[in-house]
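The chain is numbered in sequence order, starting from 1.
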Amino acid sequence: PGFCKKTKVQHVMSHTILLVQNKTAVSSRTYHDYPSVGEAMDGLCKLFEQNLKQQSPGARNITYDIKDLWNYIDALPDLGVLVFNNKLQAYQPFSKQWAKEKVLAHLKSLAGQ
């Protein structure tokens, strides 16, 4: 059904936090934390897939491509990614565009396995 699957390869361990606002209401802000960037990208894919299931609750199979995932990311009122930088001993912030590039690279690495 989708191409967002559980990661088989261990990614560099950099604690990663997704900051997500699903609706225009500020109260819809949530965060999800992961032990690595790769697992955070899996998590972002799962959020997208949950959204698809909510939009089509009766559908048995839902198909999509990378453009659909990117449109979902673009449509989020806010998305930020914080990645722990061990050298700086601090979290570095990244944008939606960065997340789109990372999720694409992550999916390509999964496809190459």
Side-chain angles (χ1 to χ4, degrees):
F3 47 99
C4 297
K5 299 293 178 209
K6 188 72 179 157
T7 306
K8 292 180 183 173
V9 171
Q10 189 73 354
H11 288 269
V12 175
M13 299 306 283
S14 297
H15 187 255
T16 304
I17 302 170
L18 290 180
L19 304 168
V20 182
Q21 184 174 337
N22 292 314
K23 299 176 181 144
T24 54
V26 174
S27 62
S28 73
R29 289 179 177 167
T30 60
Y31 76 93
H32 308 269
D33 67 314
Y34 302 92
S36 69
V37 172
E39 289 179 71
M41 295 305 103
D42 284 337
L44 184 55
C45 288
K46 287 178 183 163
L47 290 173
F48 170 61
E49 290 174 350
Q50 288 171 356
N51 179 267
L52 289 176
K53 288 176 186 175
Q54 289 173 351
Q55 289 179 356
S56 304
R60 294 186 67 170
N61 291 318
I62 299 173
T63 59
Y64 59 88
D65 64 22
I66 192 69
K67 286 183 184 179
D68 297 320
L69 176 57
W70 282 6
N71 288 338
Y72 167 77
I73 293 170
D74 286 336
L76 290 171
D78 199 7
L79 172 72
V81 185
L82 299 173
V83 180
F84 189 74
N85 182 318
N86 201 34
K87 188 175 182 180
L88 297 175
Q89 289 295 297
Y91 285 89
Q92 287 185 275
F94 294 97
S95 67
K96 281 184 183 184
Q97 185 59 40
W98 182 90
K100 287 166 54 174
E101 292 167 9
K102 286 296 177 186
V103 80
L104 178 61
H106 177 66
L107 294 171
K108 283 183 177 180
S109 75
L110 291 177
Q113 290 180 3

Judged by atom type as modelled, is there a donor-acceptor pair below 3.5 Å linking the side chain of Asn71 to the main-chain atoms of Lys67? yes
Separation between NE2 (His32) and OG1 (Thr16), nearest 0.5 Å, reads 13.5 Å
Rounded to the nearest 0.5 Å, the CG atom of Leu19 sits from the CG atom of Asp33 at a distance of 10.5 Å
Quick one, Phe48 and Tyr64 - any side-chain contact, counting heavy atoms below 4.5 Å?
yes
Are any of the side-chain heavy atoms of Val83 and Trp98 separated by less than 4.5 Å? yes
To the nearest 0.5 Å, atom CG of Leu107 lies from atom CG of Asp42 at 8.0 Å
Heavy-atom closest pair (Cys45 atom, Val103 atom, distance to 0.1 Å) is SG-CG2, 3.8 Å
Scanning both residues in full, the closest heavy-atom pair of Leu18 with Gly43 reads CD1-C, 4.5 Å
For Asp78, the side-chain contact (heavy atoms from CB on, under 4.5 Å) test, sequence neighbours excluded, returns Gln21
When every non-hydrogen atom of Ala99 is compared with those of Met41, the smallest separation belongs to O-SD, 3.8 Å
The reported gap from CD in Glu49 to CG in Leu44 (rounded to nearest 0.5 angstrom) is 10.5 Å
message = Tell me whether Lys96 contacts the main-chain N or O of Leu76 through its side chain, where contact means a donor paired with an acceptor under 3.5 Å.
response = yes
CG of Asn85 to CD of Gln92, rounded to nearest 0.5 Å, is 4.5 Å
When the ring planes of Tyr91 and Phe84 are compared, do they come out parallel, tilted or perpendicular, using 30° and 60° as the limits? perpendicular
Closest non-hydrogen contact found for Leu79 with Val20 is CD1-CG2, 3.7 Å
To the nearest 0.5 Å, atom OH of Tyr72 lies from atom NZ of Lys100 at 13.5 Å
